[in-house]
Each structure stands twice: as C-alpha cells, then as structure tokens.
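In what follows, chains are A, B, ... by sequence order, proteins preceding strands, each numbered from 1. Source: prediction; values computed, not measured.
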2 protein chains.
Amino acid sequence: MSLAGLFPIDKWNFKSQSILNNLPEDEYGYLCSNMLEHRYNKGEVIFREGAVASGIFFIKKGKVKKYQVDRTGSEQIIYVANSGELIGYHAILAEERYPDSAATLEDCTIAFISKEDFLSALEKSTVLPRRLLKTLSHEFAVLINSISIVTQRSVKERLAITLIVLREKFKEGITAGGEIMINVSRSDLANMVGTGEENIARFLTEFKLSGIISTHGRKICITDVKKLIGISGCGT
Amino acid sequence: MSLAGLFPIDKWNFKSQSILNNLPEDEYGYLCSNMLEHRYNKGEVIFREGAVASGIFFIKKGKVKKYQVDRTGSEQIIYVANSGELIGYHAILAEERYPDSAATLEDCTIAFISKEDFLSALEKSTVLPRRLLKTLSHEFAVLINSISIVTQRSVKERLAITLIVLREKFKEGITAGGEIMINVSRSDLANMVGTGEENIARFLTEFKLSGIISTHGRKICITDVKKLIGISGCGT
DNA sequence: TTTAAAAATTGCAAAAAATCACTTTTTATC
DNA sequence: GATAAAAAGTGATTTTTTGCAATTTTTAAA
C-alpha cells in the first residue's frame, strides 16, 4: 500500500536524505577515509543539546531520535533519522552548539566525521554545498509543516500522522508483502506526538477497536492505512 | 532593558539575518542591479504556499508574516521577518514550491530577485553559499525550538514568549528610552501563539492587571519584561 | 465630529487534554 | 518456564483550552 496521492508525502521527510550518496568518487573517498565507525546500543546518547559541536554523524545502520529536553525533563522528539542519513551538521554549519540531542532507537552503527574534516570536504567539494543547501531548505519546509500540525491538530490526529510517518520509516528492509511493524516505546511515541503516554494508550486502543491497527506486544501494525489517513485529516 | 542573560536569545531569530549585508562589492552590485522594487500596502500577500517559486524577496522596509493556512482557513504564523531580511529562498534552494505564504504586517518596500538571477549570483559568489548554509542552519535551530515550545508550553507561556520576541522585532528604529510599541492585531497575535483571539484577550487582560503590559488602543507596551520572562518559563 | 464597520473583550458552557492512582501486560533475566 | 522489573493500559478527576454569543471599544471613512 503506497501513500502516493493519498498523503502529502513531500511535507514529511519520509526518505533518507542522501547527502553523501553519489558524491564524486574522490570526495566520497576523502570523507570515508576520515570516518570513525562506532557501534551504539539501543538507547545510547550520540550527542546532547547544548554541547560544543565536535563533528557530524553518518547513520550506517539503525534509527536515531532527535529531541529536546524541557525543564521538567520530558523529551520532545522532533525527528526520527534513518540509516543513510547525516545528523549533527546544522550545528557545524551554523557555528553554534548542537540545537538538539540525538539517541539511538535501536542498535546502530554510526560513523563520526570531525568538524575539521567535514568543513574541509565542504570547501573542496563542488556538489556538497549545493546539496546541503537543498537538504536544509527541504528540512525547513518539513519543520514548518510540523509546527502547523502541532498547533492546529488534535492529539488523535497527530497520533495518526505520526503512525503514518513511522510506518514509512520502518518500511525499509521489509520484503514485499511483509508486515510493517512499528517498534517504538509508548513513551517515545508520546514524545513524538507531544502528549502523555496515557493519551497514546487510549487512542491506540480506540484505533485497535476500529480495526485500524493491530498490536503484537509493543509493536504496532497498521492494517488500514486509508482509515488512518482519514483520521489524520491530511488526506489529499 | 536588554534581554541578554535573561532570555535564551540564540534560540530565537531576534535579529535580521544579514545574508546580503557586507557581500563583496561586485556580488552585491550584481544582485542590486537585478532587483525589482515594489511597495506593498499593509496586509498584501507577497507569495502563497504551494505556488511555483519565481524568486526571492528582500525586505527593504517593514515587517512581513510567514504563515500556513489550514483546512479551516485559519492561519498559523511561523515567523515575523523584519527589514533587512530575505524571504522565499528556501523554495528556490529546495527546488520545491513555496512551503508557506508571506504577507505584509505593515506598509512595506520589498525588492524582488528572480530565481535565475539568485541562482546565478549563488553560483558566482564565493561567500553566498557558505552564508546561506549558516543562516539556514540557524533557522533550523530556531524552528526546533519553536516546536518544543508549542508542544510543551501552555497558551499563557507561549503568549509571554511571543510578546518578548515581538518586542525585539519592534525595537528597531526606536530612539533610546522611547517606548517600544508592539503593533499587531489580536488575530495575528493569536495565530502566532497558536490559539484563538479570545484566549489572547483574556491573558492580555490578566497581564495588564498584573502591571506587566499596558495597552494603547491596539498597541501593546511591555512595562515589566522581567515578570514576563518569568511567566514565559524561559528565564535563564 | 459623527457614524458605521471592524476589532477586541467578556462571560459562560462544552470539549479536549493532562494528571493521578491503580491494574494488567510485556519484557528481560535467571 | 518462573519471576521481578519495566512498560503499557484503564478509570476517575481536574485543569486547560476552545467555542459561542453578546457587548464594548477602536478604527477608519464620511
């Protein structure tokens, strides 16, 4: 079941932004030779909001949540980055500290590129600046969309949207016809939607009774995407 | 009364981003010679969300709101751009349609630069790409902050934050010691905070009774910034 | 200055969301 | 498989926010 034509895909960062993909051979090689690969366990923090930015991270395997922590200690998850994506570069380019924190949602393999190597690659490259400008501008549009959603839509609608987006993130690597399982904790889900765990549980129960989703332990499977799009209020 | 040290200024686009300021002489000249200046009355739409992006706009005089319109027709104002700022370039760089609409908040003078001229300047320039990357990355951090605020803070806190930010936007051109008057309609204010006009009126009355603001017709003057920072919950 | 239209304010009722306390289910470990 | 700990789910209550209707104030035009 494809979302094309049913849901405004462009407004969401569904697909990994391929900043490093198909770079000229030598530029890609230069970056690769300066990468420091590291394995992270589920739940490990990659960098923290407010820390001096030491470099950027390339997610080779796994999913990463980007979030901010508020006064009360609760998280607001802004984005879920998938394998193939680059994170942490905003801080380097803005010459500021990391604006958000990043932590793994599952076991990950992540490569580190130091600030110096990244900036040096940027300077040498013929395509990297233009590609970063494009990606950043697209991310800007996605964030604007998120702000509108969060102010103008109910918790139920936001949960529906979040599930639709997450389904795409968890699609990767599934064989055709296989069930897509969304595997995030209720707490993370609540922090993506911007509400409490209790509300999430309540609405998930409602969705389950309406035959829109099924749960298998903690995992969620969307069985009726069209109905969920209807609830989301984003249908096109 | 300065906010430095009292309020996390870095997280908000307080100052006009000076993308075009202090460009190398020839590059600035090239852009200027290709600018088409136009006067807009208060309330005029500059471009609409979803329109094919024809170029970028340089605000020479006045303030501009950037917003999205939802299903019900209500606006969500994402950002208030001040004179000196450039708008509309995200769409060009992302190679997409305008992600939001722009309309003037007061009488404005705005110069248009066509897509072709902007991209051509970008290609020729030595500093423009790097400067745009910096600005975009900073804007990204600001938007992330906005999302956290909007999900984790009450309407009252958000109104307080909005007033503090607007005060800085309206500071420009005020002689030292002069009163800073925030001059936006209750409707626009509601659309910035993400609530209804009625709530705005209610909390403004409360602020007035607490001696935090005074109103002069439609205009708002903040008389006790420190108290307002306290209410905002953003105090540092 | 007068006056009509638009904008802002206020009170009240309804709806949505958050919070707390408690139960049940799931997960991870032995 | 048993078991303890963690996570998820449920119900009741309170708080926040919304939405409507009516009134007052402000603005802009004659």
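Nucleotides of DNA chain D lying under 4.0 Å from heavy atoms of chain B occupy a range whose first and last members, 5' to 3', are D:dT17 to D:dT27.
With sequence neighbours excluded, the residues satisfying side-chain contact (heavy atoms from CB on, under 4.5 Å) with A:K65 are A:Y67, A:E75, A:I77, A:A103, A:L105, A:D188. Residues that satisfy the ring pair (Phe, Tyr, Trp, His ring centres under 6.0 Å) test with B:F47, not counting sequence neighbours, are B:F57, B:Y98.
One finds no salt bridge joining B:E85 and B:K61 here, because no Lys/Arg side-chain nitrogen approaches an Asp/Glu carboxylate oxygen to under 4.0 Å. Salt-bridge formation is detected for the pair A:E157/B:R71: a Lys NZ or Arg NE/NH1/NH2 atom is positioned less than 4.0 Å from an Asp or Glu carboxylate oxygen.
Remark: the B:Q76 side chain and the A:T151 side chain contain an N/O donor-acceptor pair separated by less than 3.5 Å.
Each salt bridge (Lys or Arg N to Asp or Glu O under 4.0 Å) pair with one or both residues in residues 142-156 of chain B, not counting sequence neighbours, appears once here: B:K156-B:E206. The stretch residues 36-45 of chain B participates, sequence neighbours left out, in these side chain to side chain donor-acceptor pair (under 3.5 Å) pairs: B:E37-B:K60.
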For nucleotides 5-22 of chain C, just jot down a letter per nucleotide in 5' to 3' order: B, S or -, based on protein non-hydrogen atoms under 4.0 Å.
--SSSBBB----SBBB--

